[in-house]
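Note that this is a predicted model, so its numbers are computed, not measured. As the structure lists them, so they are numbered: ligands from 1, and atoms in each ligand from 1.
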Amino acid sequence: MNTEDFRPEKEVKIFYPPQRVLMGPGPSDTHPRVLNAMARPTLGHLDPVFTEMMEEIKSLMRYAFQTKNRMTFPVSGPGSVGMEMCFVNMIVPGDKVIVCRNGVFGGRMIENVERHGGIAVVVEDKWGEPVDPQKVEDALKKNPDAKIVAFVHAETSTGASSDAKTLCELARKHDCLTIVDTVTSLGGSPIKVDEWEIDAIYSGSQKCLSCPPGLSPVSFSERVTDLVKNRKEKVHSWFMDISLLLNYWGSSTRTYHHTAPTNALYALHESLLMLAEEGLEHSWARHRRNYEALKAGFATLGMNYVVQEEYRLPQLNSVFVPEGVDEKEVRRRLLDDYNLEIGAGLGDFAGKVWRFGLMGTSSRVENVLFCLNVLESVLSDMGMKVERGAAASAAHQSYAANPMF
Ligand SMILES: Cc1ncc(COP(=O)(O)O)c(C=O)c1O
């Protein structure tokens, strides 16, 4: 065999992705400033200029998470790696963990507990509902030997938000540490790590931070660092052992752990800087304002939300597909004809629900109006009775009634 035998069968050219508008469950659009930052010259991961920027990322992350935790840094891997890092470091085989499941990602947490040798005590809530604090308290009372409470703050599969402050209070009252998934909430909804005394928190770069996928911001309390320091048996992952990672991210005399994705980290630096420039409260209010406008438009199309109003995530809008509409065909037309990506329902919601993301830079007035207009056109073309222009008009009225501060 010669080298030519291994050439690709089809001719391969430069890959130019189409310019989509990403309004699904994530990734969201990357801001041009962030894309630009990624294209800057690659530096070595121990270059002093780069390590100075790493310190800035850590302090910008502390602002985003509202924490003074020393151990706050981005993991080189998507949100799932941040998730796994929390469980693998904090669980000693045989530990009992109370895990709340009200959608797909709570299920992933159960998998993590079991794969790392823990015993999962599952608190179930219906898809579309928040985690019920009463059920968590009952489980804590029934399992006084539980070590950890784990839950998803913003369940992307349904669009439901859970009361992280109350759940953390309950966990602490029963002497448990907490693991909180904020992949879809960081930057889009309030998170106060120190005030709520969250012990381990992870997120993702690709949702409300307007950054490409592939990095997972995490933060750990001193209680977690002490726990890991005092573990008798080694953490069951070399790559994710936080005490080893600290030699790179945590100390001034940095030593090689793995080759950090330098250009991806420039992107995160830029996106966190943009969040700090905008201000957290402004960003949370922007996400809410755009949600209000989208909601007003959906109402004119007779589209109902899955989640009760008070538990809705402004950045993830799950709505029932109108009766008699071919939901897959709508998504296909939106993507093929208008370059607009929206999300399908998962699990029990497959075929019944659409998920509209308004995350990060995708959460903006133009996107809301564009989405409502093209959705209205597609539904009308497909035979649904709609009043043309009503959705955008309702959104306009909502914007006028809710001026940005
Ligand atoms: C709530 C939640 N947790 C975890 C993840 C996993 O993140 P990733 O896909 O970046 O691994 C996601 C991804 O969408 C998510 O929405």
Side-chain angles (χ1 to χ4, degrees), residues 22-30 34 61 65 73-88 99-113 115 125 127-131 150-164 167 178-191 198 200-219 237 239-240 261 264-265 267-268 271 287 306-307 311-318 341-347 349-350 353-360 362-363:
L22 301 182
M23 288 182 67
S28 59
D29 287 336
T30 300
V34 176
M61 273 180 56
F65 276 132
F73 61 94
V75 179
S76 306
S80 306
V81 182
M83 180 191 281
E84 187 128 6
M85 177 175 275
C86 296
F87 287 96
V88 75
V99 194
C100 309
R101 173 167 57 188
N102 59 341
V104 166
F105 294 99
R108 295 258 182 107
M109 285 181 150
I110 298 170
E111 272 285 313
N112 266 274
V113 170
R115 282 168 190 258
D125 277 293
W127 279 45
E129 289 182 7
V131 173
F151 65 91
V152 179
H153 181 221
E155 199 21 281
T156 326
S157 57
T158 67
S161 159
S162 290
D163 181 351
L167 294 171
T178 44
I179 297 178
V180 185
D181 179 319
T182 59
V183 170
T184 282
S185 42
L186 185 65
S189 321
I191 295 168
I198 293 173
I201 190 164
Y202 60 90
S203 188
S205 47
Q206 75 274 25
K207 311 256 184 179
C208 298
L209 296 181
S210 320
C211 196
L215 291 172
S216 175
V218 295
S219 183
S237 159
F239 182 73
M240 284 183 271
L265 289 165
L268 184 65
S271 70
H287 282 85
V306 168
V307 178
Y311 306 118
R312 269 179 218 157
L313 287 164
Q315 60 274 45
L316 199 285
N317 296 256
S318 280
E341 180 183 274
I342 66 164
L346 296 178
F349 289 153
V353 159
W354 285 317
R355 290 179 301 153
F356 293 81
L358 283 171
M359 301 176 181
S362 287
S363 178

Inset, instruction - Would you tell me whether S363 and Q315 have side-chain atoms, one donor and one acceptor, within less than 3.5 Å of each other? - result: no
Inset, instruction - Measure from the side-chain N and O atoms of H287 to the backbone N and O of G360, and report whether any donor-acceptor pair falls under 3.5 Å. - result: yes
Enumerate donor-acceptor pairs with a distance under 3.5 Å from any side-chain N or O in residues 200-209 to protein atoms, sequence neighbours excluded.
unit_1 : atom_1 : unit_2 : atom_2 : d
Y202   : OH     : D181   : OD2    : 2.8
S203   : OG     : T182   : O      : 2.8
S205   : OG     : P212   : O      : 2.7
S205   : OG     : L215   : N      : 3.1
S205   : OG     : L215   : O      : 3.2
K207   : NZ     : P25    : O      : 2.7

Inset, instruction - For atom 9 (O) of ligand 1, find the nearest protein heavy atom and state the residue, atom name and distance (0.1 Å precision). - result: Q206 NE2, 3.9 Å
Inset, instruction - Identify the heavy atoms of N102 and E129 that sit nearest to each other, and give their distance. - result: ND2-O, 2.8 Å
Inset, instruction - Specify the closest pair of heavy atoms between I198 and T178, including all atoms of both residues, with the distance to one decimal. - result: CA-OG1, 3.6 Å
Legend entry - Min N/O separation K207 to ligand 1 under 3.5 Å: yes
Inset, instruction - Please report the closest heavy-atom contact between L265 and P74, naming both atoms and the distance. - result: CD2-CG, 3.6 Å
Inset, instruction - Could you find the nearest protein heavy atom to atom 11 (O) of ligand 1 and give me its residue, atom name and distance? - result: S80 OG, 2.5 Å
Inset, instruction - Go through ligand 1 atom by atom and flag the ones less than 4.0 Å from a non-hydrogen atom of P78. - result: 8 (P), 10 (O), 11 (O)
Inset, instruction - Considering heavy atoms of the protein only, find what lies nearest to atom 3 (N) of ligand 1 and give residue, atom and distance to 0.1 Å. - result: D181 OD2, 2.6 Å
Legend entry - Residue and atom name of the nearest protein heavy atom (relative to atom 1 (C) of ligand 1), distance in Å to one decimal: T156 OG1, 3.2 Å
Legend entry - ligand 1 contact by P25, heavy-atom criterion under 4.0 angstrom: no
Legend entry - Heavy-atom nearest neighbour in the protein, as seen from atom 12 (C) of ligand 1, with distance rounded to 0.1 Å: F105 CE2, 3.3 Å
Legend entry - For A154, the ligand 1 atoms whose distance to one of its heavy atoms is below 4.0 Å: 1 (C)
Inset, instruction - Could you list which atoms of ligand 1 come closer than 4.0 Å to a heavy atom of T184? - result: 16 (O)
Inset, instruction - Please say whether G79 places an N or O atom under 3.5 Å from an N or O atom belonging to ligand 1. - result: yes
